[in-house]
S.K.: 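Below is a structure I'd like to ask you about.
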Number of protein chains: 2
Amino acid sequence: METLTTRREHNKAVTRRSLAAAALRLAMEHGLDGVTVEDIADAAGVSRRTFSNYFTSKEDAVLDADRERLRALVAMVEARPAGEGAWQALRASTAELYRVRPLPDVEWMAQLRLLRRHPSLLARQAGDQVALERDLAAVLVRREPDEEAARLMAATFLTTIRTGIALWLEGAGAQELPDLVDRLLGRVQVQGT
Amino acid sequence: METLTTRREHNKAVTRRSLAAAALRLAMEHGLDGVTVEDIADAAGVSRRTFSNYFTSKEDAVLDADRERLRALVAMVEARPAGEGAWQALRASTAELYRVRPLPDVEWMAQLRLLRRHPSLLARQAGDQVALERDLAAVLVRREPDEEAARLMAATFLTTIRTGIALWLEGAGAQELPDLVDRLLGRVQVQGT
DNA sequence: ACAATTCTTGCGCGTTGTGCAAGTTTGCGC
DNA sequence: GCGCAAACTTGCACAACGCGCAAGAATTGT
């Protein structure tokens, strides 16, 4: 009675998660600069070299959960009802994401405050988003046939999310993140075809 | 008969420019990975250690001109007529930037194709933009008092520019960049107060 | 059970960023 | 012009990083 997938994939997924979790935990504990790749590898019970087989840097590992979350969001957008407009689908998916996968408050708060501080993480995160833009735009094309508009929409949308998070982190945290993000999304308009 | 500024500042400016220029030239010539910091330092006639006094990485040096350009744009936005609306000021400044400082076609084209390829440059560039968002938002506040809106506008604007450049690079280059960017800017709308 | 594929690991190497301390240049008041 | 203080450059050393390579271990399919 193994897992549903093959054993290899399962093992890989486990070590990947271990590494990402260890990276996040240690970075929150000692600060990003207070942790070496070797520390993370040790905590996950693998060698430094193996770490490099999964991630290219510690920033990469720390942000793994973030990326996974965004990939889930793209999938949600794809699964929205066919008739829905592009921007509406994005907005609805965002709300859905916060419903289906709420942020584990305390831990995430700490992670994000960490993110916000360290420039190399900000840079990496922004870089990741650029890569995601293509995927998101590809999904959007079904709802917004003009490729140029789809691309612009994807970029604008992701940036709006990022801005929402930034504002939320800076503010006293008086308002709920989902509400803030949704309000921002309501303020932006990208003209379609 | 020295320069207008003090000698020290002048010398610093010279070596900085030398380093940035050398970085750009060598990166275009041999690819980003085909160049070491030492190569760049040698080409500029300084030591590797001195390079680090000016830039933290070669990506940093390569993108120096880009950043300077964006800083000029922020200054232009600040200098626009007082009555002008925020988004209108941004749009006008962009057009002005392309008029006042046209892109040295061939060289820039090559640089941007280089940028687009290399992930670490994309990441760095995106990270720089995040840092610029604050400055731009601060300038915008005069025209858009709602800080949240100003911030969102700054982020959206910079992303639109980036998207325009990305599309331009990918396309056959049939259309002029300024026109493309201006069209994109026309498609986006960020609701003020 | 055996061979092929895939993953892990240790080793080595070139590169990077940075603190430190000595040397050099520039600025400024006398 | 003189000399001192501040600022800048340089070489050195070191921990850390990313990655190619090849040998060993685990997993797979037959």
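Throughout, a chain's letter reflects where its sequence line sits, starting with A, and its residues are numbered from 1. Note that these values count all heavy atoms, side chains included, but never hydrogens, waters or copies made by symmetry.
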S.K.: Considering only C/dG17, D/dT28, D/dC19, which nucleotide approaches the side chain of B/Arg48 most closely?
M.R.: C/dG17

S.K.: Roughly how many Å is it from CG in A/Asp39 to P in D/dA16, rounded to a whole number?
M.R.: 8 Å

S.K.: How many Å lie between CG on B/Leu32 and P on D/dG18, as a whole number?
M.R.: 15 Å

S.K.: Salt bridge or not for B/Asp64 and B/Arg17, using N-O below 4.0 Å?
M.R.: no

S.K.: Looking at B/Phe51, does the NZ or CZ of B/Lys58 lie under 6.0 angstrom from its six-membered ring centre and within 45 degrees of the ring axis?
M.R.: no

S.K.: Between A/Arg71 and A/Asp135, does any side-chain N to carboxylate O distance fall below 4.0 Å?
M.R.: no

S.K.: For the side chain of B/Thr50, starting at C-beta, report the closest nucleotide among D/dT10, D/dG18, C/dT9.
M.R.: D/dT10

S.K.: Would you kindly give the CG-to-C1' distance between B/Asp42 and D/dT9, to the nearest whole Å?
M.R.: 15 Å

S.K.: Respond yes when some side-chain nitrogen or oxygen of B/Thr6 is under 4.0 Å from OP1 or OP2 of C/dG27, and no when none is.
M.R.: yes

S.K.: Please confirm whether the shortest side-chain N or O distance from B/Asn11 to OP1 or OP2 of C/dT25 is below 4.0 Å.
M.R.: no

S.K.: From the options D/dC17, C/dT9, C/dG17, select the nucleotide whose nearest atom is closest to the side chain of A/Lys58.
M.R.: D/dC17

S.K.: If you go through the side-chain atoms of B/Arg49, does one of them form a donor-acceptor pair with the base of C/dG19 closer than 3.5 Å?
M.R.: yes

S.K.: Side-chain heavy atoms under 4.5 angstrom apart, residues restricted to Ile, Leu, Val, Met, Phe, Trp, Tyr: same cluster for A/Leu63 and A/Phe55?
M.R.: no

S.K.: Please tell me which of A/Tyr54 and B/Glu9 maps to the more 5' nucleotide of DNA chain C, matching each residue to the nucleotide holding its nearest heavy atom.
M.R.: A/Tyr54

S.K.: Could you tell me how far apart A/Ile40 (CD1) and D/dC17 (C1') are, to the nearest whole angstrom?
M.R.: 12 Å

S.K.: What nucleotide, of C/dT25, D/dT9, C/dT9, holds the atom closest to the side chain of B/Arg8?
M.R.: C/dT25

S.K.: Salt bridge or not for B/Arg16 and B/Glu68, using N-O below 4.0 Å?
M.R.: no

S.K.: From NE2 of B/His10 over to P of D/dA7, roughly how many Å is that when rounded to an integer?
M.R.: 20 Å

S.K.: Counting only side-chain heavy atoms from C-beta out, which of D/dC17, C/dT16, C/dT8 sits nearest to A/Thr15?
M.R.: C/dT8

S.K.: Contact class for B/Ser52 vs. all strands (heavy atom < 4.0 Å): base, sugar-phosphate, or nothing?
M.R.: base

S.K.: Rounding to an integer number of Å, can you tell me how far A/Glu38 CD sits from D/dC19 C1'?
M.R.: 16 Å

S.K.: Tell me: CD of A/Glu59 to P of C/dG17, nearest whole Å?
M.R.: 12 Å

S.K.: Starting at atom CG of A/Leu19, determine the distance to atom P of C/dT9, rounded to an integer number of angstrom.
M.R.: 10 Å

